[in-house]
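Notes to accompany the following structure.
Residues: numbered from 1 along the sequence shown. Each ligand, and each atom within it, is numbered from 1 in the order the structure gives.
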Amino acid sequence: TKHFPVRRRLRQIFRKEHEAVHAVDDVNLTLRRGQVVALVGESGSGKSTVARLLAQLYPRTDGDIRLHGVSTRVKGGRPFREYAARVQMIFQDPFASLNPVHTIRYHLTRALKIHGNAENLDAALHDLLTRVSLTPPERYLDKFPHELSGGQRQRVAIARALGARPEALLADEPVSMLDVSIRLGVLNLLRDLKERLNLAILYITHDIASARYFADQTLVMYAGRMVEGGDSETVTQTPAHPYTKLLIDSAPDPDRLIADIDPLEEDRGNGEPPSLIRPPSGCRFHPRCPSAMPRCSTDLPVPLQIGDTPGHWAACWLYDSPEVAS
Ligand code: SF4
Ligand code: MG
């Protein structure tokens, strides 16, 4: 398989009033073309930080980002510029990401020109809007963002990203600010684009049910670290990590496709995610974990293979012995 951006041992530390905030620690992920990877976690888990790291929006990071195996870390270098064009971000709030004083035509034209894809401008504009099902394009081109619905604006934001002819989209909660009734339509559009354009998509969400529906692979993040990963069906149907189980058990309706509330946002009965200034020692989940053992508060869990399912792993000491892991 062709590896898309490879991020190894990512670490991001912010400075906040002389204290280090360990937003993301030891994050490792690979995107491949034609695949959606979901990154699931509650607010404060560091999942948006991972998207911004992958978009190279931070000046300094430990770790590496590779495109087709080549490090992109030297800013201004050719691999970095190529990466910046090939990897496009879709933000949570489509209204904030579009400039209100400019028309849709302006936004899309600018994206096409920046990336050198504006040779047949009218045809290219037409094509972008058609790809996101805003048809006929003439009806939308000269509108301003406020004249469109939230769902239409997010479609414009996706069209603008496509103007770069990307290989990968980093979508940070792309539907969580949209009306529940139109979320599925936007996710289906992204899935359709993934297939037709052979895109790699990183789908960041707090909604594990939508990850099952939409993503091939699912990674679960807690307090800045990856705690479980595998194919989406396995992770959501037979979760191994106690935190993943908590996320699934807190979902109001396990059969729904798309949540209309953030379960752990609504009910903090199981405790809050820890401060990232002084993350808990050992397993960061131990203060909330119903299965915590003495070693959990001292030893940082390593990723362990779960059962026989290829690629299913969890960072949890419950699976440290072969008898239990089977
Ligand atoms: Fe719970 Fe221990 Fe597993 Fe952490 S390592 S999730 S505290 S059992
Ligand atoms: Mg966020």
Side-chain angles (χ1 to χ4, degrees), residues 8-13 20-29 37-50 204-209 211-212 215 217-251 254 262-326:
R8 285 179 196 283
R9 291 180 299 281
L10 249 188
R11 180 192 292 262
Q12 175 73 4
I13 300 176
V21 181
H22 300 255
V24 169
D25 205 4
D26 202 16
V27 164
N28 213 324
L29 67 89
V37 174
L39 187 57
V40 182
E42 63 201 299
S43 305
S45 62
K47 58 194 195 301
S48 291
T49 304
V50 172
I204 293 184
T205 184
H206 61 265
D207 179 17
I208 196 163
R212 181 188 172 198
Q217 300 284 316
T218 291
L219 292 163
V220 180
M221 244 185 127
Y222 184 77
R225 296 185 67 89
M226 301 288 191
V227 297
E228 181 163 5
D231 71 79
S232 297
E233 190 68 18
T234 304
V235 170
T236 59
Q237 294 306 101
T238 54
H241 196 283
Y243 175 63
T244 313
K245 291 178 183 174
L246 174 69
L247 269 185
I248 290 167
D249 290 347
S250 323
D262 182 340
L264 293 175
E265 236 38 277
E266 294 283 310
D267 175 10
R268 292 282 189 196
N270 289 301
E272 303 219 7
S275 155
L276 297 178
I277 294 173
R278 277 177 223 87
S281 57
C283 173
R284 291 183 177 184
F285 189 54
H286 85 259
R288 291 170 81 184
C289 182
S291 312
M293 304 166 280
R295 71 184 297 195
C296 299
S297 57
T298 52
D299 302 351
L300 181 67
V302 294
L304 298 162
Q305 161 81 30
I306 303 299
D308 302 328
T309 318
H312 187 201
W313 62 270
C316 170
W317 291 127
L318 287 175
Y319 302 94
D320 197 23
S321 82
E323 302 84 68
V324 185
S326 63

*Show which atoms of ligand 1 fall inside a sub-4.0 Å distance from at least one heavy-atom site of His241.*
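It comes down to these atoms of ligand 1: 6 (S).
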
*Proximal protein heteroatoms (N, O or S) of atom 2 (Fe) of ligand 1, under 2.8 Å*: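 Near atom 2 (Fe) of ligand 1, the protein supplies Cys296 SG.
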
_Side-chain (Gln305) to main-chain (Gly307) donor-acceptor, under 3.5 angstrom_ =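 The answer is yes, because a donor-acceptor pair under 3.5 Å joins these two groups.
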
*For the side chain of Ser281 and the backbone of Ser297, is there at least one donor-acceptor N/O pair under 3.5 Å apart?*
yes

Heavy-atom pair with the smallest gap, counting every atom of [X] and [Y]:
X      : Y      : result
Cys316 : Leu304 : O-CD1, 3.4 Å
Leu300 : Gly282 : CD1-O, 3.4 Å
Tyr222 : Arg284 : CE2-O, 3.4 Å
Asn28  : Met226 : O-CE, 4.4 Å

